[in-house]
Structure formats: C-alpha cells, structure tokens
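One structure is given here, and the rest of the page talks about it.
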Amino acid sequence: MDNEKKLMSLINSVNVLNSTRDLPEVLEQLIQEVLNVVGGANKSVLFLYDDKADILYAKTAVGFDMTYMKEIRLKPGEGMSGKTFLDEKGRIFSSLEDTVEGMSDISENIRNIYSHSLGRMEYPVSAICVPLISDGKCIGVLTVDVYEDDVQFEQEDLRLLETFANQASIAIENATLFSQNERNKRIHEELSKVSLAKGGLADITSTLSKLIDEPVIVYNEMMDIIATSDKELDSISLELKEETIQGAERPVFETETLSEQVSLNGEERLVYFFPIAADTRFFGLLAVPIMNGTDVDPLDQFAVEQAVTVFAMEIDRQERLVEEHFNYSGSILERIIHHPYEDLSSLNLTEMNFPEHDYHNYCIAQLYFRDPLLSFEKMTEKKQKIMRMFYREFSRLPYRTLVYDRNLEVNVMFTVPGYLSETAVYEKLGRIFNKIMGYSAAYAGISGSIGLGRTVTKLNEVHYSYYDAKRCVEFLQSTYQERYIMNYRQLGPYRLFLKMERDELRNYRSEILLPIIEHDEKYGSELLDTLKIYLDTNQNMAESGRRLFLHVNTIKYRLATIYKILDIKSLSGKKTFELQLAFRINDYLNE
C-alpha cells in the first residue's frame with residue numbers, strides 16, 4: 001500500500017471511529033478498521049486493562065473465535081501484548097522467531113485457549129503491538145498479526161498503527177464517558193423507580209441483576225445475607241461468606257471495589273465485591289459472582305459503583321422503620337416494668353400484634369454498655385451503631401420483642417414459647433447476644449454486661465424478670481470477671497451480696513478464712529484449695545483426692561491441720577455453712 005493510500009485509509013478509519021459514541025460499536029469498528037490501516041494484517045485483537053483485577057482481557061477481535069478468545073487473561077508483562085502494556089511503547093515482532101519468543105511466557109491454559117480461538121496452534125510470522133494511552137495511562141493494547149510468510153511488518157507500519165491507536169484512544173475515551181453516563185443514568189433510574197415504589201431490597205436486587213445480566217447478593221455490615229436476586233444463590237451466598245468474606249480483612253472490602261477468583265460449588269468463578277456505603281457509614285457488601293461470562297463489563301462496574309447508594313438508602317430506610325417500631329415499644333415496656341399492676345388494656349398491644357397468651361412466656365434481658373476510657377458522648381455514638389444490630393436481630397424473631405432504651409442501659413423483653421424450658425430460653429438468647437456482642441467488640445470497639453432474668457408467664461410479672469436481670473448486670477460489673485453474660489439461675493446466692501458494702505464482705509471473709517490464708521502464705525501449703533474442694537464434694541475425701549490428684553492420706557493430713565488451725569474437731573452444720581459462705585464471698589469479691 002503506497003503512502004497516500006495508507007494516509008487516506010487512516011483518515012477514513014478515524015472518521016468512522018468518531019461517527020458514534022456507543023462504546024461497543026466504537027470498539028467493534030476499531031478492530032475492523034485496523035486491518036484497513038495496516039496493510040497485510042489479517043488478524044487483530046484488542047486487549048483492555050482491568051485495573052482492579054490487574055489483568056488484560058480480550059475485548060474484541062478479528063480472525064479469532066471470541067467464544068474462546070474472551071477467556072484469555074494476561075498479566076502485565078505476559079505475552080507480546082502484556083510486554084507492550086508494561087513498556088507503554090509500540091513493538092514490532094518482525095519474524096516467527098520473535099513472536100515465538102514473545103509468547104514463550106504465556107501459560108499452558110492461555111496457549112490452549114489461543115489455539116482453539118485460531119482453530120490450530122500457529123504462531124504469527126510477524127506482529128505489531130501498540131499501547132492505547134488515555135489521560136496518561138495505558139488502558140489497553142492493540143495487536144495485529146500476519147500469518148503469511150511473504151508479509152513482514154516494518155517501522156512505517158508501526159508508526160501508522162501508533163497514529164491510529166492515538167486517535168482510537170480518544171474515540172474510546174469519549175465513547176466511554178458517554179456510555180458511562182448513559183449506563184449509569186439508566187441503572188440508577190431503574191433502581192430508583194423500584195426504591196420509590198417501595199419494592200424493597202429484594203426487588204432492587206432483582207432489578208440490578210436483570211440490568212447487568214448477572215446474579216447479585218447483598219450482605220449487611222455483619223455479613224449476613226439480606227437479599228439475593230435468585231433463591232438458587234443461597235448455597236453460593238453462604239459459601240462465599242464463609243470461605244472468602246469472613247476470612248478477609250474487612251477494611252479492604254469496606255473501601256474499594258474488588259474482584260477475586262473464588263471457588264464456588266467446586267468451580268472457579270470471578271466475583272466482584274462492591275462496598276455499600278454512604279457518607280462515613282458502611283452498610284454492607286454487594287457481591288456479583290460471574291455466571292454468564294468472564295467478567296463484568298467496565299461500564300456496568302462503574303454504574304454499579306454509583307448505584308450502590310440506592311442500596312444504602314434502602315437499607316437505611318428499612319433500619320429506620322424497625323428503629324421507629326422499637327422506639328415506640330419502649331414506652332410500653334417502661335410501663336410494664338415500672339407500673340406492673342396498672343390496667344394494661346390501655347396499651348396498644350393488639351395493634352402491635354402483641355397479645356398476651358397462655359402459651360407465651362416472657363424474659364427480660366438487660367444490657368449495660370461500659371468502657372471507662374470513653375466519654376459518655378463517644379459511648380452513645382458507638383452504642384447507636386450497635387443498636388442497629390440489635391433491632392435487626394430482634395425483628396427476625398418469630399415473636400414480638402419490646403425494647404426500652406435508656407442512656408447506656410437497654411432492656412429487652414423477649415416473648416418465648418411456653419413449651420421452652422428456662423435453660424433452653426437462656427441458650428437461645430445467649431446465641432443472639434454472642435453474635436451481636438462479638439460484632440460489637442470487633443468492629444465498634446465497645447463491650448457490655450448482659451443479665452438475663454427469670455421467665456414469667458404474665459405481663460404483670462415481667463418486673464420480677466427485670467430486677468433479676470438488673471442484679472446479674474450489677475454482679476458482673478462489681479466482680480470484674482471476664483464473662484459478660486449471666487442468667488438469673490447462675491447468679492444464685494450471689495445476689496444477696498449486691499447490696500452489701502465490699503468492706504463488710506471482706507471483713508467477714510477474713511474473719512473466717514484468714515488463719516488458713518496466712519498459714520498457706522507462711523508455709524506454701526494449699527490448705528485453702530483443699531478445704532474448698534472438700535466442701536464442694538460434700539466432704540468426700542476420695543473425690544477430693546481425685547480432683548486434687550492427691551492420695552487420700554494426704555487429704556486426711558491436710559484436714560487435720562485445718563481443724564487444728566480453726567480450733568475445731570469436725571465440720572459441723574453451722575461451721576460448714578460459715579466456711580461455704582466465706583468461700584462464696586471470696587468468689588464474689590474476686591480479689
């Protein structure tokens with residue numbers, strides 16, 4: 001092709017590229033026109049760069065079967081196109097030896113895909129690769145090949161292709177901006193329509209899935225699954241949560257869009273993770289496991305990143321509705337607790353779908369937030385974050401729950417089936433609070449004490465459960481123990497100590513146990529532990545020996561020493577009671 005024809009071909013090709021703002025059409029025309037610009041070229045492929053996955057992927061091609069070609073993923077520096085991408089400078093591979101060398105580092109998998117796309121395994125006898133530069137960054141690589149022995153590319157072909165690539169980059173940039181705006185506008189409008197129609201999170205998720213033609217999964221900030229575009233995704237959603245999300249660093253997911261290769265149901269799939277956030281709050285995660293292709297179109301990536309605000313607004317709206325319900329229920333619970341014998345018929349219990357039935361029992365849980373290093377204002381701010389978790393968990397329970405929130409204290413009345421034993425109720429509530437407080441400690445940085453009261457059968461008995469729960473919290477706060485949750489049955493006789501001065505309790509403990517404690521300190525003996533175990537085993541020397549890993553004769557010797565120290569001949573009922581009470585006080589004081 002002489003220079004004048006080459007120039008006219010280049011001008012015509014540029015005009016064609018600038019004739020449309022539709023990105024797919026621009027890319028398709030680009031790959032077709034390049035063969036008119038570079039004489040002798042009979043195959044060409046356009047690679048685009050995905051900066052989030054850090055790979056080059058084949059977007060369109062001429063002379064290759066895109067059914068296979070679209071599966072190719074090149075790392076920067078891999079193959080002829082990957083090397084050109086890193087160099088950001090056009091390259092000629094003049095001979096068969098050059099192309100073989102240029103492709104020598106591609107993986108066996110990519111080599112197989114390449115051969116299937118070509119219909120045979122054959123290296124080009126010559127090739128040119130030029131970078132596509134937009135706004136100072138390399139956005140892809142345009143590669144042209146020739147497979148005929150009598151054709152060899154020259155420097156003039158490289159310069160011509162570089163000129164064409166410069167114009168193509170401008171056309172791609174313009175078309176991308178236009179298409180981004182159009183795609184973003186359409187997706188945002190469609191999702192907003194569903195949101196304004198109060199279709200709910202499920203409908204919004206389903207709509208987005210249809211728009212991008214891929215499944216969508218939505219997780220909240222605790223990584224619970226709250227919506228999927230298809231019920232068949234349930235198993236994949238759980239697997240994705242357990243295998244990938246929970247094992248990753250949360251801050252990474254919360255700040256930027258990520259794409260990862262993940263094994264789902266035994267099959268490798270590319271999954272995109274979009275953080276759902278607004279202002280400074282992280283609401284959750286939107287996951288798109290690729291099922292229908294090899295990746296998410298960059299236009300869709302950009303549109304989804306912009307559209308997550310609709311998901312944030314819907315999650316926030318639902319949480320506010322739940323919060324309003326529980327705030328309203330607080331005034332009812334306050335009356336039930338503090339005015340138990342008033343006529344409760346004036347309360348709108350029926351309106352709240354909260355009738356009193358014989359097969360219902362009730363249990364109060366009290367949570368008190370604490371952190372001596374935080375100001376009241378900071379604690380209140382963190383507490384509000386945790387309350388969202390509370391409300392969400394409570395709203396899922398099969399029976400109605402009332403919440404009375406006051407300063408740093410939260411009282412919750414659970415309705416539980418009458419057939420559940422009190423032990424089963426405590427286990428059920430324990431699982432709920434373990435989940436929430438685990439999140440609280442890990443991501444909000446605050447802790448609390450939780451007390452569970454007895455179960456009662458009538459609403460006018462709920463105040464008994466309330467005072468039980470309150471005593472449990474007081475015990476946990478006064479003993480400085482590691483545990484953060486206690487139920488009424490576990491509290492046992494310790495509740496008798498709560499209203500007593502600690503100095504008075506210390507004095508009683510010293511009066512009963514001090515002689516033994518001083519003997520242990522002076523001689524390094526273990527009489528105090530021996531006596532405690534002996535009393536706990538109902539004065540069974542054989543069992544005491546087994547627990548302490550001692551011979552029975554050793555137990556007899558130690559008991560004789562204890563009797564001598566206490567100036568007694570045996571453990572009578574009164575003395576046994578005094579000693580056991582002193583040991584309980586010692587456990588309570590925990591010092």
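Computed over heavy atoms, backbone and side chain alike; hydrogens, waters and symmetry mates excluded. Positions are given from 1, in the same order as the sequence printed here. As the structure is a computational prediction, the values presented were derived from the model and not from experiment.
- Residues Leu535 and Leu571 approach most closely at CD2-CD1, 3.9 Å, considering heavy atoms.
- For CG of Asp503, the number of neighbouring non-hydrogen atoms (other residues, nucleotides, ligands) closer than 6.0 Å is greater than 12.
- Taking a cutoff of 4.0 Å between a charged side-chain nitrogen and a carboxylate oxygen, Asp224 and Arg396 qualify as a salt bridge.
- The shortest distance between side-chain heavy atoms of Lys428 and Val416 does not fall below 4.5 Å.
- A side chain to side chain contact (heavy atoms under 4.5 Å, CB included) with Tyr272 holds for exactly one of Val304, Leu258, Ile290, Ile212; it is Ile290.
- Counting heavy atoms of neighbouring residues, nucleotides and ligands inside a 6.0 Å radius, atom CD of Glu526 does not exceed 12 of them.
- When all heavy atoms are compared, the tightest approach of Leu402 to Leu333 is O-CD2, 3.6 Å.
- A salt bridge links Glu543 with Arg547; the closest basic N to acidic carboxylate O contact falls under 4.0 Å.
- Between Gln366 and Ile450, the closest side-chain pair of non-hydrogen atoms is not below 4.5 Å.
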Stepwise side chain to side chain contact (heavy atoms under 4.5 Å, CB included) check, Phe390 with Ile436: CA-CA 7 Å; Phe390 270 67; Ile436 298 174; 3.2 Å; yes
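- Residues Phe274 and Leu285 fail the side-chain proximity criterion, which asks for heavy atoms closer than 4.5 Å.
- To the nearest 0.5 angstrom, Leu559 atom CG is 7.5 Å from Leu531 atom CG.
- The pair Glu409-Lys470 meets the salt-bridge criterion, since a charged nitrogen lies less than 4.0 angstrom from a carboxylate oxygen.
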Run the side chain to side chain contact (heavy atoms under 4.5 Å, CB included) check on Thr228 and Val218 step by step: do they pass? CA-CA 6 Å; Thr228 60; Val218 183; over 6 Å; no
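- In this structure, the separation between CZ on Arg509 and CG on Asn586 is 5.0 Å, given to the nearest 0.5 Å.
- One finds a salt bridge joining Arg392 and Glu221 here, because a Lys/Arg side-chain nitrogen approaches an Asp/Glu carboxylate oxygen to under 4.0 Å.
- A donor-acceptor pair under 3.5 Å links the side-chain atoms of Tyr426 to the main chain of Gly453, judged by distance alone.
- Considering only heavy atoms from C-beta on, Leu367 stays 4.5 Å or farther from Val412 through its side chain.
- Between the side chain of Tyr368 and the backbone N or O of Gly451, no donor-acceptor pair lies under 3.5 Å.
- The local environment of CZ in Arg320 is sparse, with at most 12 non-hydrogen atoms from other residues, nucleotides or ligands closer than 6.0 Å.
- Using a distance-only test at 3.5 Å, with no hydrogens or angles considered, a donor-acceptor pair links the side chain of Ser395 to the main chain of Tyr391.
- The backbone N or O of Asn507 sits nowhere less than 3.5 Å from a side-chain atom of Ser510 that would complete a donor-acceptor pair.
- Remark: side-chain polar atoms of Thr576 are paired, donor with acceptor, to backbone N or O of Ser572 under 3.5 angstrom.
- With ring centers used as reference points, Phe414 lies under 6.0 Å from Phe394.
- Between the Asp520 side chain and the Leu528 main chain, a donor and an acceptor come within less than 3.5 Å of each other.
- Between Tyr467 and His463, the two ring planes are perpendicular [angle over 60°; tilted spans 30° to 60°].
- Looking at Asn434, its side chain does come within 3.5 Å of a backbone N or O of Gly430 through a donor-acceptor pair.
- Remark: side-chain polar atoms of Glu314 are not paired, donor with acceptor, to backbone N or O of Phe311 under 3.5 angstrom.
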Step-by-step side chain to side chain contact (heavy atoms under 4.5 Å, CB included) determination, Ile585 to Tyr508: CA-CA 8 Å; Ile585 290 174; Tyr508 184 86; 3.6 Å; yes
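- Residues Tyr466 and Met413 have side chains not in contact (no heavy-atom distance under 4.5 Å, counting atoms from C-beta outward).
- For Glu578 and Lys575, the salt-bridge test passes: some basic side-chain N is under 4.0 Å from an acidic carboxylate O.
- At least one donor-acceptor pair under 3.5 Å links the side chain of Ser229 to the backbone N or O of Val216.
- Contact record, Leu240 with Ala287: CD2-CB, 3.8 Å, taken as the closest heavy-atom pair.
- Residue pairs meeting the ring pair (Phe, Tyr, Trp, His ring centres under 6.0 Å) criterion with at least one member in residues 550-585: none, sequence neighbours excluded.
- A 4.5 Å side-chain heavy-atom check between Ile516 and Leu566 finds at least one atom pair inside the cut-off.
- Here CG of Leu513 is found 11.5 Å from CD of Glu518. Values are rounded to the nearest 0.5 Å.
- Electrostatic pairing of Arg471 and Asp468 counts as a salt bridge here, judged by a charged N lying under 4.0 Å from a carboxylate O.
- By the 4.0 Å N-to-carboxylate-O rule, Lys210 lies too far from Asp230 to be salt-bridged with it.
- Under a 3.5 Å cut-off, the side chain of Thr457 and the backbone N or O of Asn361 do not form any donor-acceptor pair.
- Under 3.5 Å, the side chains of Thr537 and Ser544 contain a donor-acceptor pair of N or O atoms.
- Taking every heavy atom of both residues into account, Val552 and Ala542 meet most closely at CG2-CA, 4.1 Å.
- Put simply, the side chain of Phe369 does not reach to within 4.5 Å of the side chain of Ser449, judged on heavy atoms.
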Evaluate side chain to side chain contact (heavy atoms under 4.5 Å, CB included) for Ser209 paired with Glu214, printing each intermediate quantity in order. CA-CA 5 Å; Ser209 176; Glu214 295 291 353; 5.8 Å; no
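- A salt bridge links Glu422 with Arg489: the distance from a Lys NZ or Arg NE/NH1/NH2 to an Asp or Glu carboxylate oxygen falls below 4.0 Å.
- Residues Pro275 and Glu256 come closest through the heavy atom pair CD-O, 3.6 Å.
- A pairwise comparison of heavy atoms in Pro289 and Ile217 identifies CG-CD1, 4.2 Å as the closest pair.
- Taken from OG in Ser421 to CD in Glu427, the straight-line distance is 7.0 Å, to the nearest 0.5 Å.
- Interatomic distance, CD of Gln539 versus CD1 of Ile533, reported as 13.5 Å (0.5 Å rounding).
- Remark: Glu461 does not engage Lys458 in a salt bridge, criterion side-chain N to carboxylate O under 4.0 Å.
- At a cut-off of 3.5 Å, with distance as the only test, no side-chain donor of Ser465 or Arg454 sits close to an acceptor on the other residue.
- Note that CG of Leu397 and OG1 of Thr415 are 9.0 Å apart. Values are rounded to the nearest 0.5 Å.
- In this structure, Phe326 and Tyr404 have side chains that are not in contact, with every pair of non-hydrogen atoms separated by 4.5 Å or more.
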